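Below, chain A is the first sequence line, B the second, and so on; all start at residue 1. Quantities reported herein were computed from a predicted structural model and do not represent experimental measurements.
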Amino acid sequence: MTISDPSEALAAVGIHRAYSGVKALRGVDVTLRRGEVLGLIGPNGAGKSTLVNMLTGYDRPDEGAIMLDGTDITGWPAHRLARTGVARTYQRGHLYRDLSVRENVEVAALATGRSRAEARGDATGLLELFGAADRSEQPARTLPHGLERRLGVARAMATRPNYLLLDEPAAGLNEGEIGEFGEVIRSIAATGVGVLLIDHNIRLIMAVCERIHVIVQGRSYLEGTPDEVRGSQALVEAYLGRSGTQ
Amino acid sequence: MSELKTPATGLTVGGRDLGRRRGRSGSSARLATMWTLIGPALLVYLGTVVASQIGGPVAVQGAYALVSLVAAVGLQIFTGTSGVLSFGHIAFTAVGAWAYGLLTIDPTLKKALLPDLFSFLADVHAPWPVALAVATTVGGFLAFAVAPFLMRLNGLQAGIATFGLLMVVGQVLTYWSSIGPRSGQAMVGVPADLPLERLVLVAIGVIIVSWVYQHARTARLLRATREDLTAAPGSGINVTIHRVIAFTISGAVCGLGGGLWAATNRVVQSSHFGVGMTFTIIAILVLGGTRSLWGAVLGTLVWSALDSLLVYLQGGVTLGDYVVSIPEGARPIILGATLIVALMVRPDGLTGGRELTWPVQRWRRRG
Ligand SMILES: Nc1ncnc2c1ncn2[C@@H]1O[C@H](COP(=O)(O)OP(=O)(O)OP(=O)(O)O)[C@@H](O)[C@H]1O
Ligand SMILES: [Mg+2]
């Protein structure tokens, strides 16, 4: 694997991070390029969410650096990174529960430099795209689970990101919804956005990702195309063997 | 992201308003929005007219209610929008009252009553509008100065830290005789420049300020931080900055409230600005619903009306052959019990934290 143009990527370089003795990350190197969908998989507690926190300014590494389009952005606060084109969703949703569905999206657009009219237009389009348009005036907390996840992605897209980091966005979706969702992810990447997709649904990962990065116990374990990863005996032992057939 | 076409839906995203809501928005939506300003302002105005018609103690109670309203609206701007507790806003009210008193008390009287004043404070004399402007500025400035230290805290820590501010300010105002009376004494002789008809205009002005703030970008972003503090930075929101803005505006409004208090009470003393006033304003806001301007207005109205009624009953009311009265000391018990019951029935306050809805549209939607 080669990095085509280091000035067009979001990269974690040699990341280590410990929490009061627990080594959550101990040597992660991963590069997300614009326009690709990169899968990030690993057993529970492997450090996937921790890595997303590092890449989005939610937490700082003890060692290593975060590079955005060739600039060292280690230690930048999350709100600044969001305005510089790095967006994310959360494993636990974290919607603005009592705000309307529309306001959830508009707020993210407003905070990243859109005018009121632009924010309104972006929100309308995104809510259509993610199938929440007819619920746009109700509070986000009233959404069914599947729409909740999609609203999280719509809100992230409202920041007009170059990189989109999705932490288990398909958890709890049914088969049909997952299929549609995969298509939406592909179409987002097709516009030039680099998408990092964390999910335990291996079928979804295999279907939409060009490359897959495997983390085990806080370390980059292996990376390759879906076919390479599927054929890896090491992966089966390290991951599938341990956490079942998810 | 400029344009995004999806195979799934064929929709285009970015920069294009599909105008789905156009039908329902337009003039009726604008009317509904304006009503959230006009409704509360009208109610405050009418309430004041009624109080002033009845006159006597009711008019006096009405004046204090307008002062409480300004403080409650001030607190709502910060706590309601950010979701962060503050037990310290009465500190801004206190410095506002101080500023107003020092500027309006006649210099000859001041020199006799407050002998240790800095000479520029002893000599200064200003008309009431200037004094109110200074009270507002002083409140806002103090809030802005302490905000960077307080705005990183959340929940109960924030509440207690702001309470610490109140303690410090209270102590300084009590003992620093270069800026006020000697230890714990009162500033008297504040001129009665603000009768009900002026007070109500200032109160409506504050309602307008709050309404304009609520619709500003900064308030929308701060409301998102209230809903989810984790997600807000990920949406590009700098939590601290928007909290500082709200805290400063809120402190300014509470400082203005202090000026109004001074003009209404005519006597200013540091012991007025303590836990009692703090929790009365918080109770008013929580009773009405912290999350809306309407909550601050309705909370003040209900609280003040009930309080006035109880004061009235304490004096004894003759109904035919009976004299209805409540025993001395029962007033706080009844107020407290009312608060408990109201919050049990409506945990989000009487308004549920919503703004006043335009009655006509609601009726039309039902039909
Ligand atoms: N803020 C924190 N404080 C303490 N420990 C943490 C913190 N964040 C993560 N950890 C620990 O780091 C390890 C990695 O957690 P992380 O959430 O990144 O795993 P994950 O790969 O996302 O797992 P899952 O698939 O269950 O979401 C875990 O042992 C976790 O307990
Ligand atoms: Mg995780």
Side-chain angles (χ1 to χ4, degrees), chain A residues 56-58 77-83 87-90 92-99 102-104 106-113 116-118 120-122 124-129 131 133-134 136-137 140 152 155-162 180 183-184 186-188 190-193, chain B residues 1-25 29 32 80-81 83 152 214-243 289-292 348 352-354 365:
Chain A
T56 54
Y58 271 74
H79 62 84
R80 186 169 171 204
L81 274 179
R83 280 183 231 157
R88 67 170 294 180
T89 66
Y90 309 84
R92 282 176 229 284
H94 285 295
L95 295 178
Y96 304 126
R97 292 174 50 79
D98 274 350
L99 302 185
R102 164 176 286 281
E103 186 73 355
N104 266 266
E106 278 193 26
V107 150
L110 283 174
T112 47
R116 277 168 193 254
E118 286 171 325
R120 174 152 277 272
D122 281 13
T124 303
L126 285 165
L127 291 174
E128 291 276 357
L129 176 64
D134 50 349
S136 60
E137 301 313 316
R155 181 178 64 181
M157 285 304 291
T159 67
R160 296 191 180 174
N162 295 322
E180 263 178 53
E183 279 190 64
V184 172
R186 293 263 13 134
S187 65
I188 290 171
T191 64
V193 177
Chain B
M1 178 191 77
S2 50
E3 290 272 282
L4 171 55
K5 254 197 166 25
T6 68
T9 60
L11 279 167
T12 307
V13 179
R16 196 152 72 90
D17 190 346
L18 300 181
R20 207 162 221 274
R21 249 165 53 96
R22 275 290 145 74
R24 239 197 300 148
S25 59
T81 317
R152 286 164 205 286
Q214 311 288 353
H215 288 82
R217 171 192 295 241
T218 177
R220 289 174 74 181
L221 301 188
L222 188 60
R223 226 171 273 131
T225 74
R226 174 191 79 194
E227 293 302 314
D228 199 299
L229 200 51
T230 302
S235 299
I237 302 171
N238 184 337
V239 178
T240 308
I241 282 186
H242 296 291
R243 280 188 180 173
T290 53
R291 291 179 172 203
S292 63
D348 288 330
R354 273 180 279 282
R365 215 181 281 150

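Among all heavy-atom pairs drawn from A:Thr112 and B:Gly236, the shortest one is CG2-CA, 4.2 Å. Here the closest heavy-atom approach between residue B:Leu221 and residue A:Leu110 is recorded as CD2-CB, 4.1 Å. Residues B:Pro233 and A:Ala82 come closest through the heavy atom pair O-CB, 3.6 Å.
The candidate from A:Leu99, A:Leu95, A:Thr159, A:Leu81 with the greatest count of non-hydrogen atom pairs under 4.5 Å with chain B is A:Leu99. Top candidate by heavy-atom pairs under 4.5 Å with chain B, chosen from A:Arg88, A:Arg186, A:Glu106, is A:Glu106.
The shortest side-chain heavy-atom distance between B:Ile237 and A:His79 does not fall under the 4.5 Å cut-off. Side-chain contact between B:Glu227 and A:His94 is absent, with no heavy atoms from C-beta onward closer than 4.5 Å. Within the 4.5 Å cutoff, no side-chain heavy atoms of A:Arg97 are placed close to those of B:Asp228.
B:Arg223 has no carboxylate O lying under 4.0 Å from a charged side-chain N of A:Glu103, or vice versa, which leaves the two without a salt bridge. Between A:Asp98 and B:Arg291 there is a salt bridge, since a side-chain N of the basic residue sits under 4.0 Å from a carboxylate O of the acidic one.
Counting non-hydrogen atoms of neighbouring residues, nucleotides and ligands closer than 6.0 angstrom, the CD1 atom of B:Ile241 reaches no more than 12 such neighbours. For CZ of B:Arg152, the number of neighbouring non-hydrogen atoms (other residues, nucleotides, ligands) closer than 6.0 Å is 12 at most.
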Go through the steps to decide whether A:Tyr96 and B:Ser235 satisfy the test side-chain hydrogen bond (donor to acceptor under 3.5 Å, both in side chains), and finish with yes or no.
CA-CA 11 Å; A:Tyr96 304 126; B:Ser235 299; 2.8 Å; yes
